[in-house]
Amino acid sequence: MPVQVIDGSPETLLPSHLQKVDLKYLQMGCDQANKYFQGTVILSYPLTKLGNGTEFFKIVLQESENSCSKTSTINVLFFGRLADDCGKVVHQGDTMVVAGFNLAKSPSANEDDRHCCHLEVSEDAGSTIYPVAPKYTYTPLSHLKGGTIVNLYGAVKFFKPPYISKGTDYCSVVTIVDQSNVKLTCTLFNGNLDALPKIYKIGDIVRFHRIKIREYNEQMQGITGIGFASLTFDGTVGAPIVPRTSSKSYSFTEEEQKTIEELRMWAASNLSVCGPTAKLSGVQPMLFFDLTCQLVGKAEVDGSSFLLKVWDGTKCPYPSWKVLVEESDLEGDKVLIHQLRNLIVDILVYDNHVKLAKSLKVGSFLRIYSLHTKQASAENQPDVSYVEFHLHGGTCYGRGIRVLPENNPDVKELKAFMDSVNLTESQNVESMSSLELDGIFGSLSLCHFLTDQSYSERCQQLSVTVLTDHQHLDDTALNTILNSAAPQQYRIRAKLRTFKPQKLYQSVKLYCSKCNSLQEVPDGDDFDLILRDCAATAPNPEVHNSLWYDSAVWDTENQGQRKIAVHFVKHDELLQEPEDTLIMVQGGTLKEIRKLSRRFKCIIPVRSTKEDLELLDLSAPFLLQGKIWHYGCKQCSNQKTIQSLSSLAEEEPSWEPTEIARVLGIEPLQYVFVMKFTLDDGTGTLDAYLFDYEKFFQIPASEVLTSSLLQEKMEMIMNILCPPGTKLDDLPWLECFIRSYNVKDGMEQQVCYQIFDTMVAEDVI
DNA sequence: GTTTAGGATTCG
């Protein structure tokens, strides 16, 4: 690294083999290999090129401790890349250390009265330049005075992306605000686009160095001057603090990291950052919004307008205009444009934006600010309306275009989304275009109806899960969620990195909605043991046959004394069809009860006491209905006698499990899937619980344990949601709705997340 | 030598 900023004292921070040399000891013929010279820049010349094309840069350094002596200054000549790098970052007044220099006779010593030698530095000579980071002080925006040059921090409240001014430079207008709640609008000029702050969003944080403050219209104004430099940071709380800058070298201390975090936090609650961004799928006619998209084609239309063909992976819900241009004028991959024709929208940009639009590269990612959608209809078909996209002339409201770098998080997300579109696009797009061809988009209300439908269809193809509500909400990035206070609800789009339990049958639990307790589903073998235990006592004939049930007893072969008693519950003193009948069984084995449950609607396992029949312990199911075994909560149930069932038998009995539980004084437990999903959207990772009775998998939790078919189905779904051995990039997307909530874990408060209003897409099932 | 723009939507 030929240029390394030193943040602190050079004596302690420079490599230990380097020794400081005074000007008076600098002589030709002495070995300078391990020497360094430290001085203050008192003069710097413009960066130029030598006759042979080599970059050249010259400064004058003054020896810090010896400033009164006549020969306290020395010329330093930079060659090649080092000249280029230093020429851009060195300012008058900076302190700098030069090591690994060559000493040469100064041809101008007689004229400039400086040291008789000069220092030559270049990468080839193995030189290293250490600019010593000055201790910057930052002025709060409430303390600005006209006619000063200051360093500032601020959150971006408003900005115009750089545009070509009428002069010679690019211009960007940026309004910043800080914790003092004072705004400052800065007008920034530079001939080099890269030198202007790389602001992509309201809420980004900027650091300006050496900005001139002056008064304009009785207000403070910031303006670029000599040595202006800026850093820009993502304004998202908790996002990595990576400065966006064209500077090759800049100071950046831990303290400054803290400043940015503080400003982010402040801006998050004091700055409205929810700019008018939208996806094409969310556009409304008559709207200004910011669009993040990819350029797939461009064409000159006339002198004052230019066509951009863009897409963002989503479909505009309205038919949009197609701007007619000569095929030969259209730049871009014609095949791709044809393939994406139903997702692409045509944008006309006007006047001052034309020059910038012309320079855009097809394939690049753009953010188009304050794009205008306008509803129009054809002259000859007034009932058929469509949407036009205009980027009007001028820069009001930050109207403009900015190229986003490939590593921008929004671009990464967009790319991933576009990739997922590609997989299924053809069939999907074709089916939708046939809808459009029907010409039924004439009325807006009908259009909405169709859009909602096709939108949900699209979601199902693009994401392996779909929302059952809240489709109108925008996605929130996981890192934003992780840095926000609970409770809140979010729509997210993420990938399922992993999940627990991996053995899917372990995800089924029993839940008591009264005491909120969760418990494992008892093992079938446990039930068998309880049944065997009951069977050891013979049925009491005295409690057989009553007003509301008839009883029958069977003997078993070669099984000792075991008898099976079945009590058929009557309605209106009559027996019903078996498929409508509830029976109470005593002395049966698990195998026998299973067999009976195929034939009778409901089975209640019982035993007999001297006086009556009674329910078994609640470790056993209190009711079996087909393959579903119903359990009761031991804590919350307050069991009543079996006689209570007679009240149900009197009415036309439908034998609803909840009704049976109610009359028996049992608090029924519900079967639920409880799983932990580790979700990842590229911005962060979050564990969300799935707590689902049936909705998510479209499989009732109550039937999974007794159905190998349903278990296979669930396994298949999870294999689609999270295919084993797949890289994160290749995993499918999940659209989910999650809520955050606080959980007290001893002394510590913890935030948990739960998935809800989400289900596996129909085409996955 | 130090402009340009100086926030505040819409013709197309």
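Just the heavy atoms: all of them, side chains too, but no hydrogens, waters or symmetry mates, feed the values below. None of the values given here were measured: they were computed from a predicted structure. Numbered from 1 within each chain, the chains take letters A, B, ... in sequence-line order.
- Relative ring orientation between A:Phe79 and A:Phe56 is described as tilted, the plane-to-plane angle lying within the 30° to 60° band.
- On the C1' atoms, B:dT10 is 22 Å away from B:dG6, given to the nearest whole Å.
- Side-chain atoms of A:Thr168 lie closest to B:dT4 of the nucleotides B:dT4, B:dT10, B:dA5.
- The aromatic rings of A:Phe389 and A:Phe289 sit perpendicular, their planes meeting at an angle over 60°, well past the 30° parallel limit.
- With hydrogens and angles left out, the side chain of A:His372 and the base of B:dT9 share no donor-acceptor pair within 3.5 Å.
- In this model, no side-chain donor or acceptor of A:Thr185 finds a partner on the base of B:dG6 within 3.5 Å.
- In this structure, the nucleotide among B:dG12, B:dT10, B:dG6 sitting nearest to the side chain of A:Arg399 is B:dT10.
- Using a 4.0 Å heavy-atom criterion, one finds that A:Ser305 contacts no nucleic acid atom at all.
- Look at A:Phe158 and the base of B:dG7; the rings stack, centres closer than 5.5 Å and planes less than 30° apart.
- The side-chain hydrogen bond (donor to acceptor under 3.5 Å, both in side chains) with A:His372 is formed by just one residue from the set A:His392, A:His390, A:Arg399; it is A:His392.
- The residue among A:Asp351 and A:Cys396 whose nearest nucleotide of DNA chain B lies closer to the 5′ end is A:Cys396.
- Remark: P of B:dT9 and CG of A:Leu291 are 22 Å apart, rounded to the nearest angstrom.
- No engagement by A:Ile226 is indicated, since no non-hydrogen atom pair under 4.0 Å with the nucleic acid exists.
- Across all strands, A:Gly393 comes closer than 4.0 Å to base atoms (heavy-atom distances).
- Looking at heavy-atom distances under 4.0 Å, A:Tyr369 makes no contact with the nucleic acid at all.
- Taking the six-membered ring wherever Trp is involved, the centroid distance between the rings of A:His209 and A:Tyr138 falls below 6.0 Å.
- In this structure, A:Gln219 atom CD and B:dA8 atom P are separated by 13 Å, rounded to whole Å.
- By the criterion of a centre-to-centre distance under 5.5 Å and near-parallel planes under 30°, the ring of A:Tyr350 forms a stack with the base of B:dG12.
- The A:Lys157 side chain lies nearest to B:dG7 when the options are B:dG12, B:dG7, B:dA5.
- A stacked arrangement is assigned to A:Tyr216 and the six-membered base ring of B:dG6, with a centre-to-centre distance below 5.5 Å and an interplanar angle below 30°.
- Counting any heavy atom pair closer than 4.0 Å across all strands shown, A:His392 reaches a base atom.
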